[in-house]
Amino acid sequence: MAGTPFSGKTMFISGASRGIGLAIAKRVAADGANIALMAKTTEPHPKLPGTIYTAATEIEEAGGQALPIVGDVRDGDSVAAAVAQAVEQFGGIDICVNNASAINLGSIEEVPLKRFDLMNGIQVRGTYTVSQACIPHMKGRENPHILTLSPPIRLAPQWLKPTPYMMAKFGMTLCALGIAEEMRDAGIASNTLWPRTMVATAAVQNLLGGDEAMARSRKPEVYADAAYAVLSRPARDYTGQTLLCEDVLLDFGVTDLSVYDCIPGSELGVDLWVDTPNPPGYRQA
């Protein structure tokens, strides 16, 4: 992927202290971008390595400028202050990435209201709050993009559970699609991006099957490279879409998706709201 389209551009990303969010931030940072990252993690968690400060160090080592901001995406005042700090330091915002998310795969009988509120607060309210705060600073920028890490909305019966997590993730997507229409005339793109397979993160390790699940996953770079491709597209034309990482990569010129497999040749685990690990017609090189 030649060129450095993000040199000097500024990304505001939520929840990027580890995993997919950090991988996306580092991918864009390698072009020399400015990354303002907002997250709550200031101390390492026993099962979740990395903090907002270690993430900032990795971003700068990748070639970018990092501004770590501790805050809660559910708190409108905290988000507004974080965005203002990013604009003061970097002069504006070109890219907004809604990555922050909480996961609980329990049913409606199993997930208490406190957890329901946490997921919907981070996913839905957080996406709305961060996007709303960034938009005024994105208007008039060269190629402004909002990217929300959420799935295509699929209403067939098998995709409607687990109810709490489904509501939270579909809520992110609905927010992103609404923004696409409201910001179309302003030239601000808004799309969603989701992987066809499980991606090797701490959440997969801890919640979805440990080492066995990790072995059936793709590397976080599959998400990072796909995000890079989406954010490179012309904002006025490339908006209002619910995209899958692997499809985006093939459109961008990647010919062999197996480079993203954690274990070459393993049977990949298909993610929620997706039917197959690879796009129709794809043949491994």
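Nothing fancy with the numbering, it's 1 onward along the sequence. Predicted, not measured: the structure shown is a model, and the values here were computed from it.
- Asp31 and Thr4 are not linked by any side-chain donor-acceptor pair at a separation below 3.5 angstrom, with hydrogens and angles left out of the test.
- Residue Ser150 is tested with Thr242, Asn99, Thr173 for a side-chain hydrogen bond (donor to acceptor under 3.5 Å, both in side chains); the sole match is Thr173.
- Between the side chains of Arg74 and Thr129, no donor-acceptor pair is found at a separation under 3.5 Å.
- Ile135 and Val87 fall within the same hydrophobic cluster, where Ile, Leu, Val, Met, Phe, Trp and Tyr residues are linked whenever their side-chain heavy atoms come under 4.5 Å apart, directly or through other members.
- Here the OG1 atom belonging to Thr148 is positioned 11.0 Å from the CG atom belonging to Leu243, to the nearest 0.5 angstrom.
- Atom CD1 in Ile52 sits 10.5 Å away from atom CZ in Arg18 (nearest 0.5 Å).
- Here the side chains of Cys96 and Met138 are in contact, with some heavy-atom distance below 4.5 Å.
- Nearest heavy atom pair, residue Ala66 against residue Leu37, reads CB-CD2, 4.4 Å.
- With rounding to the nearest 0.5 Å, the separation of CD1 in Ile35 from CD in Gln65 is 10.0 Å.
- In terms of heavy atoms, Glu110 sits closest to Pro112 at O-CD, 3.3 Å.
- Contact annotation: the side chain of Trp273 approaches that of Met166 to within less than 4.5 Å [non-hydrogen atoms, C-beta and beyond].
- Residues Leu257 and Arg218 have side chains in contact (heavy-atom distance under 4.5 Å, counting atoms from C-beta outward).
- Across Arg236 and Asp185, no two heavy atoms sit closer than the pair NH1-O, 3.4 Å.
- Within the 4.5 Å cutoff, the side chain of Pro151 has no heavy atoms near those of the Leu272 side chain.
- Within a 6.0 Å radius of CG in Leu160, other residues, nucleotides and ligands contribute more than 12 heavy atoms.
- For the pair Leu268 and Arg216, the minimum side-chain heavy-atom distance is 4.5 Å or more.
- The residues Asp275 and Arg154 are annotated as salt-bridged, a charged nitrogen and a carboxylate oxygen being separated by less than 4.0 angstrom.
- Across every non-hydrogen atom of Ser266 and Ala215, the tightest pair is OG-O, 3.0 Å.
- Listed for the Asn191 side chain is no donor-acceptor partner under 3.5 Å among the backbone atoms of Leu147.
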(request) Would you please test Arg233 and Asp251 for side-chain contact (heavy atoms from CB on, under 4.5 Å) and show each step? (result) CA-CA 11 Å; Arg233 294 295 178 96; Asp251 285 344; 4.0 Å; yes
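- Among pairs with a residue in residues 6-39, those fulfilling ring-ring contact (aromatic ring centres under 6.0 Å, His included) read Phe6-Tyr228, at least two apart in sequence or across chains.
- For residues 81-118, there are no ring-ring contact (aromatic ring centres under 6.0 Å, His included) pairs, not counting sequence neighbours.
- Counting heavy atoms from C-beta outward, Met167 and Val124 have side chains that stay 4.5 Å or more apart.
- Each of Ile95 and Tyr128 belongs to its own hydrophobic cluster when Ile, Leu, Val, Met, Phe, Trp and Tyr are linked at side-chain heavy-atom distances under 4.5 angstrom.
- Judged purely by distance below 3.5 Å, without hydrogens or angles, the side chains of Asn98 and Ser131 pair a donor atom with an acceptor atom.
- Summarising the geometry of Pro195 relative to Val274, their closest heavy-atom pair is O-CG2, 3.7 Å, with the distance given to 0.1 Å.
- Remark: Leu193 CG to Tyr223 OH distance equals 5.0 Å, nearest 0.5 Å.
- Side-chain contact between His145 and Asn143 is present, with at least one heavy-atom pair separated by less than 4.5 Å.
- A 6.0 Å sphere centred on CD of Glu267 holds no more than 12 heavy atoms belonging to other residues, nucleotides or ligands.
- Considering every non-hydrogen atom in both Ile69 and Ala82, the closest pair reads CD1-O, 3.4 Å.
- Note: the hydrophobic cluster containing Ile122 does not contain Leu105 (ILVMFWY, side chain heavy atoms under 4.5 Å, direct or indirect links).
- Here the CG atom belonging to Asp247 is positioned 9.0 Å from the CG atom belonging to Asn278, to the nearest 0.5 angstrom.
- Taken from OH in Tyr238 to OG in Ser232, the straight-line distance is 10.0 Å, to the nearest 0.5 Å.
- By the 4.5 Å heavy-atom criterion applied to side chains, His137 and Cys134 are not counted as neighbours.
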